[in-house]
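First the structure, in the form of structure tokens, and then the observations on it.
As the structure is a computational prediction, the values presented were derived from the model and not from experiment. In what follows, chains are A, B, ... by sequence order, proteins preceding strands, each numbered from 1. Heavy-atom basis, side chains included; hydrogens, waters and symmetry copies ignored.
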Amino acid sequence: MTEEHSIPGPEDFTEVMRRTIQLVGTNVPRSSLQKVAEMLHTLSWEFKDYGVKIYFLVDDLGSVDCATEWSGQVDSSITMDASTFHNAAYGKANFGAAMVMGKLQVKGISPLKLGKFNTLLKPFLSSYRQACGEWYEPAV
Amino acid sequence: MNQQCEPRYLREADADLSALENRNVVIVGYGNLGRPLALNLRDSGVSSVTVAEIPGPAWDVALEDGFPVKPVQAAAPHASILFVLLSDELAPEIYKKEIAPFLITGSTVVFASGFNLAFGKICPAPDLDVLMVAPRMIGSGIREMYRKEIGFPSFVSLEQDATGNGWPVLCALAQAVGSLRAGALVITAVQEAQLDLFVEQTVGPDLASAILTAFQVGVDAGLPAEALILELYMSGEMAKSFQAMADLGFFQQVKLHGFAAAYGGMIRFMALERESQVENYRKVLEEISQGAFADALDEEVASGFPSQSLLDEMLDGNDPISQAEERLRKHMRLGDSNKLSD
């Protein structure tokens, strides 16, 4: 686990998540992202406590993009507090327990596809840690 | 595979244990089901019971219990009756590689779950008898009910009768494992698999959701977490209510509760929006019966169990409800009735 950073404020958090999604696009193999695209093209990350909504977009070729506003179809959504996501990224919480306690809701994913979807969650966490690292300790 | 259309009940009078005389029984898998079934068979007088396992804790337990233990490939050729008591997702590979090539013509294969037969994951050779004895009881209960001479219900099926002698063997096995004192219902493996999965994937998650939601809402409103779980399940009152459903009837057990409880339950039940639940349950059953769930499970296994980590996270005890249980157990004597016995 990398050095823990404190959770960014709402505005900074949006930028860190934007960078997180970019990093997912480079950290996750293209073939895996193509499989994700078979399941969804638009995934909305919704952080209730911060009032932040950010969209993960992936096309059939596995190219990833990010948007803070989106008027098209949203295939799936993940809703939680930013603090839950941040704590999960740094090993102080986990998505499984958050789901059990109703602190994390996933919508729009067929239960029969959840196994595949789960493989996408961990890269988001590692990419977020990387993005936090870059945010707090920018390369000079 | 045979399709049995008319439900039929089996009782002790239908069974003649002589159908098991001089037959070597092999139990593949000495786990939650394998151990109680093997012990019950032996205590019923089935003299030749061998356990087939891989070296490890289950192997050691079987030895301690006094059974001869062999690797699967070594035990299978000597089986005239072989129980496949492996988890549904692992059984096909083991059956294909370590059991099927070694079975002798005319032997009997017994499954405790219809899953792999129903979805074509295991297709036993046509020269074998294929039976299903599927207890409707957890492993510890199988042993406990046998020892109390109460028995436990099962679904049973004669899926393939190559020898023409499958039926008496099915009845004798259902008796010897301890089921027929309670009774067994004859249904097909397909029906058993659909029933099992359907209830696990509808009532199971809804119950879990109801309990977790009540806990969450109650805690948020300031009710003590320990008191909530005591009320919800730790006291055993809920379990007694479920037992009363079995003993008295689903609706009759309501009369065991006071009027306020019955009235409150009735008006809240009437206010529930059940259409979406009906729709969801139908979809789940359709996905199960069409094999979509079995295919998803196959993919999960083939991909190296990607959902396992999420499941582990859910069950690792790092949650408020598990923590409240721990605190409660320190101060109250609870749950002894659930302790596993030999």
Can you tell me which portion of Phe215(B) sits under 4.5 Å from chain A's heavy atoms? Options are side chain, backbone, both or neither. side chain
Give, as side chain, backbone, both or neither, the part of Asp312(B) having an atom under 4.5 angstrom from any heavy atom of chain A. neither
Any chance you could measure Leu114(A), atom CG, to Glu300(B), atom CD, to the nearest 0.5 Å? 10.0 Å
With rounding to the nearest 0.5 angstrom, report the CG to CG distance, Asn94(A) to Leu310(B). 8.0 Å
Applying a strict 4.5 Å limit to non-hydrogen atoms, the region of Lys103(A) in contact with chain B is neither
Measure Met101(A) against the heavy atoms of chain B and call it side chain, backbone, both or neither at under 4.5 Å. both
Taking atom [atom1] of [X] as the centre, report whether more than 12 heavy atoms of other residues, nucleotides or ligands fall under 6.0 Å from it.
{"X": "Ile54(B)", "atom1": "CD1", "value": "no"}
{"X": "Glu231(B)", "atom1": "CD", "value": "no"}
{"X": "Lys48(A)", "atom1": "NZ", "value": "yes"}
{"X": "Asn32(B)", "atom1": "CG", "value": "no"}
{"X": "Tyr263(B)", "atom1": "OH", "value": "no"}
{"X": "Arg327(B)", "atom1": "CZ", "value": "yes"}
{"X": "Tyr136(A)", "atom1": "OH", "value": "yes"}

Beyond-backbone contact of Gln201(B) with Pro111(A), side-chain heavy atoms, under 4.5 angstrom: no
Check Glu313(B) against Gly96(A) and note the closest heavy-atom contact, atom names and distance. OE1-N, 2.9 Å
Top contributor to chain A interface from Ser322(B), Ala296(B), Ser307(B) [non-hydrogen pairs under 4.5 Å]: Ser307(B)
